[in-house]
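Accompanying notes for the structure given below.
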Amino acid sequence: MNDTVIGHIGGSAGKEVRLKGWVYNFRSSGKIAFLILRDGTGFIQCVLVKGEIGEEYFELAKTLQQEDTIEVAGKVAENPRSPGGYEIAMTSLRIINQFRGEEYPIQKKDHGVDFLLNNRHLWLRSKMQFATLRIRDEIVKAIRDFFYEREFILIDSPIFTPTAPEGTSSLFATDYFGENAFLSQSGQLYQEAGAIAFRKTYCFGPTFRAEKSKTKKHLTEFWMIEPEVAFADLDDMMTLSEDFVCYVVGRVLEKKKEELKILERDTSDLENIKAPFERITYKQAVELVNKGGLPMKFGEDFGADEEDIVSRNFKKPVFIHRFPRSIKPFYMEADPEDGDLVLNMDLIAPAGYGEIIGGSQRMYDLDRLKEEMKKAGLSEKDYHWYVDLRKWGSCPHAGFGLGLERTVAWITGIEHIRTAIPFPRTINRLNP
RNA sequence: GCCUGAGUAGCUCAACGGUCAGAGCGGAUGGCUGUUAACCAUUAGGUUCGGGGUUCGAGUCCCUGCUCAGGCGCCA
């Protein structure tokens with residue numbers, strides 16, 4: 001008899017195996033019972049027939065409740081009546097842990113969001129969370145593979161930072177031995193240093209925004225992937241972005257079929273995600289919004305409704321590029337064709353999942369950068385090291401940032417970003 | 001921060017200003033040989049979010065505080 005896990009059960013068809021795991025559900029009839037076992041790698045139905053497993057084990061099984069820890073043994077059989085295609089004809093049962101006195105809070109029925117999030121440490125065991133977070137894991141692996149295969153060097157940006165790239169109102173301040181330190185809201189500026197040292201770099205870490213955003217696409221702590229490439233321009237970044245997104249989607253489709261099925265994700269949308277993506281200018285996007293019936297003017301940014309109108313014109317993610325400088329940060333390179341515009345791009349995911357990528361070509365001329373910093377009210381002293389990058393070895397370069405959780409939410413098709421991360425941090429949630 | 005809505009059993013929800021606040025799930029007990037959130041029977045389980053008010057009478061109406069949800073703004 002072999003010890004195995006549910007994720008590999010197909011390789012043991014017809015054989016006796018032993019599994020350790022937890023009771024997900026138990027249904028008993030007079031002389032037959034069905035036990036759904038979960039072991040972290042999957043879910044499988046175990047069948048107990050009183051006449052075959054014997055009175056002693058059958059009576060023991062009747063004491064089982066959700067989340068009891070057990071070891072079962074039995075023969076693996078293919079059976080179309082069983083969810084998952086395989087089931088275990090049980091021959092023995094051993095109880096490893098049973099807690100009595102309080103009921104397990106999470107049932108196989110509807111619960112409120114607040115209740116579930118208060119019990120997030122237990123909710124992780126449920127099937128939907130199992131599927132979502134395993135897909136997140138695959139996406140993370142695909143991201144690292146994508147950049148590794150393209151010879152990007154991982155240069156971790158710091159989490160504690162002395163200054164902010166995009167204003168200080170949305171920063172979490174901490175006490176750093178008597179000084180103010182802020183939790184990073186972007187690793188980009190450090191990647192610019194990295195790109196000039198290593199040519200192609202990226203960082204992948206948590207970022208923090210103290211915005212009081214209360215929507216289904218905001219977290220206060222989220223993970224971001226930020227590549228930066230020396231001698232690259234805006235078009236290079238759009239090409240890299242679309243290759244990147246297609247690579248990640250392709251990987252999930254290839255490796256996570258079961259999980260997508262659990263989530264009832266319509267995969268035909270995802271199969272359609274192939275490069276190239278449409279690239280429209282900010283001006284064209286504004287026209288689309290106006291045609292869609294909203295009175296947006298040049299110089300305004302896209303709100304939720306405006307973004308929705310743009311994305312509904314396309315089946316795939318769509319690039320919007322060349323925004324007005326007035327609504328974008330200081331470090332973006334000017335459009336040589338029109339000085340009021342910058343060489344930036346946003347990638348908008350389909351179906352209202354919002355902006356998943358924001359990127360730009362960076363300003364590399366020392367004097368013009370200083371001028372833009374002055375206009376933005378930033379002190380050159382605070383950014384002395386960033387300014388240094390424009391003194392020695394300055395070159396055109398570009399990069400972007402991809403929000404991991406928005407990408408996970410879009411690919412898995414879940415309603416709200418809060419379940420795209422194991423332990424979400426939102427405006428009014430710090431626990432568990 | 002703004003707008004709208006909600007808070008009743010462990011959970012999900014009912015209950016016209018008027019008798020003892022009900023049901024399903026979960027728990028307990030019993031029954032049932034192919035269940036898919038199994039089913040059937042019996043049973044235990046309540047500070048109706050906190051504070052104040054109106055009323056003969058408040059879960060229900062009013063004021064106030066707290067919490068949550070949906071949406072907006074800000075952003076990835």
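Taking the C1' atoms as reference points, B:rU8 lies 14 Å from B:rA58, given to the whole Å. Remark: the separation of the C1' atoms in B:rC72 and B:rA15 is 34 Å, to the nearest Å. Here, B:rA41 and B:rA6 have their P atoms 34 Å apart, quoted to the whole Å. Taking the C1' atoms as reference points, B:rA37 lies 24 Å from B:rA69, given to the whole Å. The separation of B:rG18 from B:rC11, taken at their P atoms, amounts to 27 Å, rounded to a whole angstrom. The P atoms of B:rU60 and B:rA21 are separated by 15 Å, rounded to the nearest whole Å. For B:rU67 and B:rA28, the P atoms lie 36 Å apart once the distance is rounded to whole Å. When the P atom is used for both B:rU54 and B:rG46, the distance is 31 Å, rounded to whole Å.
For the pair A:Gln188 CD and B:rC75 P, the interatomic distance rounds to 15 Å; values are reported in whole Å. Summarising the geometry, the separation between CG on A:Asn119 and P on B:rG26 is reported as 18 Å, rounded to the nearest angstrom. With rounding to whole Å, A:Phe222 atom CZ is found 12 Å from B:rC75 atom P. Residue A:Phe302 contributes atom CZ, which lies 16 Å from atom C1' of B:rA76 at whole-angstrom precision. Rounded to a whole Å, the CG atom of A:Asn431 is 12 Å from the P atom of B:rC68. Put simply, NE2 on A:His218 is 10 Å from P on B:rC72, counting in whole angstrom units.
Aromatic pair A:Trp385/A:Tyr190: ring centres closer than 6.0 Å. With ring centers used as reference points, A:Phe244 lies under 6.0 Å from A:Phe147.
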Quick one, give me the B/S/- string for nucleotides 1-6 of chain B, reading 5' to 3', where B means a protein heavy atom under 4.0 Å from the base and S means that only happens at the primed atoms, P, OP1 or OP2. B-----
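A side-chain N or O of A:Ser157 and one of A:Gln191 form a donor-acceptor pair less than 3.5 Å apart.
The pair A:Glu67-A:Arg38 counts as a salt bridge, with a side-chain nitrogen and a carboxylate oxygen less than 4.0 angstrom apart. Using a cutoff of 4.0 Å between basic side-chain nitrogens and carboxylate oxygens, A:Glu372 and A:Lys328 are not scored as salt-bridged. We find that A:Glu228 and A:Arg362 are joined by a salt bridge, their nearest charged nitrogen and carboxylate oxygen being less than 4.0 Å apart. With respect to the salt-bridge test (charged N to carboxylate O, under 4.0 angstrom), the residues A:Arg312 and A:Asp308 qualify. Using a 4.0 Å cut-off between charged side-chain N and carboxylate O, A:Glu355 and A:Lys217 make no salt bridge. With respect to the salt-bridge test (charged N to carboxylate O, under 4.0 angstrom), the residues A:Glu138 and A:Lys255 do not qualify. Using a 4.0 Å cut-off between a side-chain N of Lys or Arg and a carboxylate O of Asp or Glu, A:Arg322 and A:Asp338 do not qualify as a salt bridge.
Under the Watson-Crick or G-U wobble criterion, with both distances below 3.5 Å, B:rC25 is paired with B:rG10. Under the Watson-Crick or G-U wobble criterion, with both distances below 3.5 Å, B:rC68 is paired with B:rG5. Under the Watson-Crick or G-U wobble criterion, with both distances below 3.5 Å, B:rU54 has no partner in any strand shown. With a cut-off of 3.5 Å on both Watson-Crick or G-U wobble distances, the partner of B:rU60 is given as none.
Contacts of A:Glu415 with the nucleic acid, taken as non-hydrogen atoms under 4.0 Å apart, are absent. The residue A:Thr207 sits apart from the nucleic acid: no heavy atom pair falls under 4.0 Å. Contact annotation for A:Gly303: backbone-only contact, meaning every heavy-atom pair under 4.0 Å involves sugar-phosphate atoms and none involves a base. Across all strands shown, A:Glu405 has no heavy atoms under 4.0 Å from either base or sugar-phosphate atoms. Nucleic acid contact for A:Arg418: sugar-phosphate only, since backbone atoms but no base atoms lie under 4.0 Å from a heavy atom of the residue. A:Asn428 comes within 4.0 angstrom of sugar-phosphate atoms only, judged by non-hydrogen atoms across all strands, and of no base. Among the atoms of the strands shown, base atoms are found under 4.0 Å from some heavy atom of A:Leu219.
In terms of position on RNA chain B, the residue among A:Gln66 and A:Gly51 whose nearest nucleotide sits closer to the 5' end is A:Gln66. Both A:Thr220 and A:His416 sit near RNA chain B, but only A:His416 has its closest nucleotide nearer the 5' end.
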Test ring pair (Phe, Tyr, Trp, His ring centres under 6.0 Å) applied to A:Phe43 and A:Phe130, step by step: CA-CA 10 Å; A:Phe43 298 78; A:Phe130 169 88; 5.1 Å; yes
Let's go through A:Arg325 and A:Asp335 carefully: what are the C-alpha distance in whole Å and the side-chain angles of both, what is the deciding distance for salt bridge (charged side-chain N to carboxylate O under 4.0 Å, His left out) to 0.1 Å, and is it a yes or a no? CA-CA 9 Å; A:Arg325 171 168 293 288; A:Asp335 181 357; over 6 Å; no
Hey, mind stepping through A:Arg279 and A:Met345 against side chain to side chain contact (heavy atoms under 4.5 Å, CB included) and telling me if it holds? CA-CA 9 Å; A:Arg279 301 177 182 189; A:Met345 57 88 169; over 6 Å; no
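Contact of A:Glu87 with B:rG34 (side chain to base): a donor-acceptor pair of N or O atoms is detected under 3.5 Å.
Distance from the side chain of A:Lys216 is smallest to B:rG71 among B:rG71, B:rC75, B:rG34. Side-chain proximity of A:Thr215 to B:rC72, B:rC75, B:rG34: nearest is B:rC72. Each of B:rC74, B:rG27, B:rU35 was ranked by its minimum atom distance to the side chain of A:Gln65; first place goes to B:rG27.
Ring-base stacking between A:Phe34 and B:rG34 is not satisfied when judged by a centre separation under 5.5 Å and a plane angle under 30°.
Atoms CG and OH, on A:Asp68 and A:Tyr104 in that order, are 11.5 Å from each other to the nearest 0.5 Å.
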Quick one: which protein N/O atoms are closer than 3.5 Å to N/O atoms of nucleotides 10-12 of chain B? Pair and distance per line, please.
from: B:rG10; atom 1: N2; to: A:Gln107; atom 2: NE2; distance (Å): 2.5
from: B:rC11; atom 1: O2'; to: A:His111; atom 2: ND1; distance (Å): 2.5
from: B:rC11; atom 1: O2; to: A:Lys109; atom 2: NZ; distance (Å): 2.9
from: B:rU12; atom 1: OP1; to: A:Gly112; atom 2: N; distance (Å): 2.8

Give every pair of a protein N or O atom and an N or O atom of nucleotides 30-32 of chain B that lie under 3.5 Å apart, one pair per line with the distance.
from: B:rC32; atom 1: O2; to: A:Ser29; atom 2: OG; distance (Å): 3.4
from: B:rC32; atom 1: N3; to: A:Ser28; atom 2: O; distance (Å): 3.4
from: B:rC32; atom 1: N4; to: A:Ser28; atom 2: O; distance (Å): 3.4

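By the 30° and 60° cut-offs, the orientation of the rings of A:Tyr282 relative to A:Phe323 is tilted.
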